Amino acid sequence: MFRVVLLGLLLCFLIALNNVGLAISELQRFQHPTKGDGSLSLLVVGDWGRRGAYNQSEVALQMGIIGEKLDIDLVISTGDNFYEDGLTDVDDPAFYESFTKIYTAPSLQKQWYNVLGNHDYRGDVEAQLSPVLREKDHKWLCLRSFIVETEMAEFVFVDTTPFVDKYFKEKEHTYDWSGISPRDEYLTNLLKEVDSTLKESTAKWKIVVGHHTIKSAGTHSNTVELEQRLLPILEANDVDLYMNGHDHCLEQISSSNSPLQFLTSGGGSKAWRGDVSWWNPDEMKLYYDGQGFMSLYLTGTKVDIVFYNVFGEVLHKWSRSKQLSSAV
C-alpha cells in the first residue's frame, strides 16, 4: 500500500513539473502493462466533450460495449476534450459533465491518455494538465507531450496546437499560450525530443498521437505546419501509425511513399456530415462523416484496426503484420 501511495505522489510530482513549464530534457515516460499473452487492446476517440450532446452519450455507450467485448487495456483521446473553450479551472463542472458522467461503463474505467486540442487551448490549459483532475477521476491523464511504453508498442503523444500559425493571428478567440513561450524554442525542442525518442525506440510498433490532422479529406484538410515539420520525422523513423482528431469524422489514409497510416478518430460527438473533399482512392481506405470511434489490437507481429459508428456497427477493418525479429 505504501509503495502505491509513493508511486502516486511521484506521478503527481512529475506532472506538476511538466505543467509549470520547467526545463525537462526528455519527454516523460509512462509504462503501461500488456495482457499476459503480450497483447494490447485499446479504444481511440476524439472531439467529444459536449456534456453528452451531439450523440456523445450514444458513442460512449457503444465504447463501453465494445470495450468490454475487447477487454481493453486503455483509452486514447485525440483532443478537443471540452467544448467550446476548454475548462475554466480545475473546478469547472464541465469535467464531470463531459467526462466522468459520460464514460461510466466498467470497461472504460481504465487509464485515459489525453492530448490537448485547439478548443482546449481556448480555456485554462493548466487545468486540464493539473494532477487535481486525476484526484477527481483516476482514469484521467493529460500532458502536453509524453510517451507511453508497452511491451511491443511505443506511443508518442505530441502537442500539435502550438504548431498552427493561424491560432496566433486570429482575433475571435483567445488562446492560453502560457507554458510554451518562446514558441520557436518550444517547438524546436519538442521536435528534437520526438525525433530522438523515435530513433532510440526498439518497439515493434511506433505510434504517434496528436490532435491535428497531417493528411485528411475533412473540412480542416492537411495541417501544413505538421506536413512540413513533423511528417518528415515520422517517415524517417519508420512510424507505423499517426492517430489524430480535429476533423469530426472517421478516416484512414495510406501514405504513398511509406508504410505510415493516417488515422482520424474525431467522431466523439458533433460530426460534419457531407463535408469532405474526396481523396485519391488508392490512398483513402475510409471516410465516414458521422460519429464513432476506433479500436486497436496489437501483438508483437500484428496490428488490427477497426472503426465503429455510433451504433457500434463495424465500418471498416485494416490489419498489418510484421515478422518477429531474429534473435542475435
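All residue numbers refer to positions in the sequence shown, counting from 1. Because the structure is a prediction, the values reported are computed rather than measured. Quick note: numbers below take in every heavy atom, side chains included, and nothing from hydrogens, waters or symmetry partners.
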Would you find a donor on one side and an acceptor on the other, under 3.5 Å apart, between the side chain of [X] and the backbone of [Y]?
X    : Y    : value
K206 : F155 : no
S130 : V132 : yes
D47  : H246 : yes
S201 : T197 : no
H248 : K270 : yes
S216 : G218 : yes
E225 : D165 : yes
T150 : A153 : yes
H316 : F307 : no
D92  : T88  : yes

Are [X] and [Y] close enough that a side-chain donor and a side-chain acceptor fall under 3.5 Å?
X    : Y    : value
D80  : Y83  : yes
T301 : S321 : no
Y175 : N118 : no
T160 : H212 : yes
K139 : Q109 : yes
N81  : Q128 : yes
Y121 : H173 : no

task: Could you tell me whether the side chain of Y297 reaches within less than 4.5 Å of the side chain of S39, counting heavy atoms only?
output: yes

query: Would a 4.5 Å heavy-atom cut-off, applied to side chains only, mark F293 and V59 as touching?
result: yes

Using the test salt bridge (Lys or Arg N to Asp or Glu O under 4.0 Å), find all partners of [X] that sit at least two apart in sequence or belong to another chain.
X    : result
D73  : K35
K136 : D91
K317 : none
K302 : D304

- prompt: When you look at I305 and V303, which way does the side-chain contact (heavy atoms from CB on, under 4.5 Å) test go after all the steps?
  reply: CA-CA 7 Å; I305 294 168; V303 58; 4.2 Å; yes

- request: Please work out which of the three classes, parallel, tilted or perpendicular, describes the rings of W112 and W48, given edges at 30° and 60°.
  value: perpendicular

message: Is there a side-chain contact (heavy atoms from CB on, under 4.5 Å) between V158 and V115? Walk through the geometry before answering.
response: CA-CA 7 Å; V158 180; V115 291; over 6 Å; no

Is any side-chain N of the basic residue among [X] and [Y] closer than 4.0 Å to the acidic one's carboxylate O?
X    : Y    : value
K199 : D238 : no
K322 : D240 : yes
E126 : R144 : yes

For a quick test of your reading: what N or O donor-acceptor pairs under 3.5 Å do the side chains of residues 93-102 make, sequence neighbours left out?
unit_1 : atom_1 : unit_2 : atom_2 : d
E97    : OE1    : R51    : NE     : 2.5
S98    : OG     : R51    : N      : 2.9
T100   : OG1    : D137   : OD2    : 2.7

query: Between H32 and Y113, does the ring centre distance come in under 6.0 Å?
result: yes

In Å, rounded to the nearest 0.5 Å, how long is the span from [atom1] of [X] to [atom2] of [Y]?
X    : Y    : atom1 : atom2 : value
M294 : L42  : CE    : CG    : 7.5 Å
T161 : D176 : OG1   : CG    : 11.5 Å
L190 : D195 : CG    : CG    : 11.0 Å

For [X], enumerate each residue passing the side-chain contact (heavy atoms from CB on, under 4.5 Å) test, keeping only those at least two apart in sequence or located in another chain.
X    : result
Q261 : L241, Q252, S254, L263, W318, R320
A105 : S107, L108
S258 : E235, S255, L260

Enumerate the salt bridge (charged side-chain N to carboxylate O under 4.0 Å, His left out) contacts for [range], please, sequence neighbours excluded, ordered by first and then second residue.
range            : result
residues 147-157 : R29-E149, R29-E154
residues 276-296 : R273-D289
residues 246-259 : none

Pair W272-H220, ring-ring contact (aromatic ring centres under 6.0 Å, His included): steps then yes or no: CA-CA 11 Å; W272 300 324; H220 289 306; 5.2 Å; yes

task: For side-chain contact (heavy atoms from CB on, under 4.5 Å), just list the numbers for I147 and F30, CA-CA rounded to whole Å, side-chain angles, deciding distance to a tenth of an Å, and then say yes or no.
output: CA-CA 6 Å; I147 301 162; F30 300 89; over 6 Å; no

message: T264 vs N244, test: side chain to side chain donor-acceptor pair (under 3.5 Å). Steps then yes/no.
response: CA-CA 5 Å; T264 298; N244 61 270; 3.1 Å; yes

- prompt: Would R50 count as a cation-pi partner of Y54, with NZ or CZ less than 6.0 Å from the six-membered ring centre and within 45° of the ring normal?
  reply: yes

message: Can you confirm whether E68 is buried at CD, in the sense that more than 12 heavy atoms of other residues, nucleotides or ligands lie under 6.0 Å from that atom?
response: no

query: Given the rule in the side-chain contact (heavy atoms from CB on, under 4.5 Å) test, do D159 and H211 qualify, once you have shown the distances and angles that lead to the verdict?
result: CA-CA 7 Å; D159 183 22; H211 174 65; over 6 Å; no

message: If hydrophobic residues (ILVMFWY) are linked whenever their side-chain heavy atoms come closer than 4.5 Å, directly or via other members, who joins L61 in its cluster?
response: I65

